[in-house]
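In what follows, a structure is listed as structure tokens, so that the remarks can point back to it.
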Amino acid sequence: MKDDLKSDEDDLPLSDASNKKVAPPKDLPRGIHMDDAKLYTKDSEGKFRCINSKELIPFSRVNDDYCDCKDLSDEPGTSACPDSRFYCAQQMPDRDAQSVPSSRVNDGICDCCDGSDEWANQPPPESVRVKGENIVSQAPCRNKCDKIIKISKENEQIRKIGQKLKRGYLEAAKHVVGRETYGPDGLFYKLSKDCYSYKGFEYEYTVCPFQRVRQEKFPSSSKLLGTKPIWKQKSHGRYVLHMTQGDSSQCPNGMSRKAVILFLCGINDRVVKVMEEQLCEYLIKFATPAAC
Ligand code: MAN
């Protein structure tokens with residue numbers, strides 16, 4: 001098990017409200033929601049009835065890449081009907097049904113974790129192709145569902161262990177005057193007593209949460225990236241500390257350097273990564289049980 005949470009969810013497809021565990025559809029039209037399976041059967045004359053608008057069309061026109069039904073229900077597996085949804089073939093246990101807007105079917109980007117939205121296996125057009133390291137998977141797609149399930153199970157275990165350890169962080173702040181400076185009930189107070197280092201490719205960073213963040217390059221350069229903290233809104237259940245209220249070294253563009261610490265759930269305190277997201281603006285990912 002790794003000691004910090006991995007982000008497995010960020011690139012999952014958007015989902016709707018249903019919560020069914022289902023096997024991939026067999027002999028059923030591509031892209032349908034499994035609850036609708038019985039609506040996609042031929043009638044006695046081999047026809048399909050549009051689900052809400054009720055027109056009768058030959059079943060061969062289902063998923064023929066032409067939108068026949070007024071209610072858009074005959075093209076669940078193609079992008080022919082605008083504003084409809086494509087349901088991924090492999091659904092994930094204990095999650096909302098995974099679906100994507102029909103416009104994303106065969107657009108060259110793998111949205112479903114099983115890649116079923118890219119059934120034509122066409123790579124994206126050159127104009128939108130992403131080169132180098134990126135988080136977007138491009139067709140032809142690999143099935144990533146099992147890996148995602150495995151990671152989220154590991155993360156769940158980390159979270160459980162972290163939540164137990166978190167009690168010690170609250171305990172440490174119990175008698176501290178003005179502890180709210182360090183988060184709710186002084187949750188992150190313990191981290192203010194230490195500094196943590198991180199060796200990047202070019203620079204070494206020393207992160208002293210609530211005190212200062214430094215960037216060094218042996219033997220010549222030492223820059224102050226931030227001092228004096230201010231909490232910013234906790235976004236998506238995360239704690240974000242901006243070390244931007246005090247002094248910091250000036251950037252050649254005339255602006256002050258800025259450091260932001262994003263606390264993530266982990267089972268020990270450590271800097272996971274430092275990224276210079278924009279010139280002289282540094283994002284520090286910091287794992288700690290306090291954020292579990
Ligand atoms: C130094 C470092 C870099 C930064 C440049 C800006 O080399 O602080 O992180 O991008 O200055 O010139």
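Whatever order the structure lists ligands and atoms in, that order sets their numbers, starting from 1.
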With the 4.5 Å side-chain cut-off for hydrophobic clustering, are Val62 and Leu72 part of the same group?
no
Identify, for atom 12 (O) of ligand 1, the protein heavy atom at the shortest distance, and state residue, atom and that distance.
Pro252 CG, 3.2 Å
How far is atom 7 (O) of ligand 1 from its nearest protein heavy atom, and which residue and atom name does that atom have?
Tyr203 OH, 2.7 Å
Using a strict 4.0 Å cut-off to heavy atoms of Glu276, name the atoms of ligand 1 that fall inside it.
3 (C), 4 (C), 9 (O), 10 (O)
Check ligand 1 against Leu279 and write out every atom of the ligand that is under 4.0 Å from a heavy-atom position of the residue.
6 (C), 10 (O)
Please determine if Gln215 has a nitrogen or oxygen closer than 3.5 Å to a nitrogen or oxygen of ligand 1.
yes
Applying the ring pair (Phe, Tyr, Trp, His ring centres under 6.0 Å) test to Tyr182, which of Phe210, Phe263, Phe188, Tyr239 qualifies?
Phe210
Got a second to check how far Asp111's CG is from Cys141's SG, nearest 0.5 Å?
8.0 Å
Please list all pairs meeting salt bridge (charged side-chain N to carboxylate O under 4.0 Å, His left out) that have one or both residues in residues 241-253, counting only residues at least two apart or in different chains.
none
Have Tyr169 and Asp269 got a donor and an acceptor in their side chains that come within less than 3.5 Å?
yes
At the 4.0 Å heavy-atom cut-off, does Arg257 count as touching ligand 1?
yes
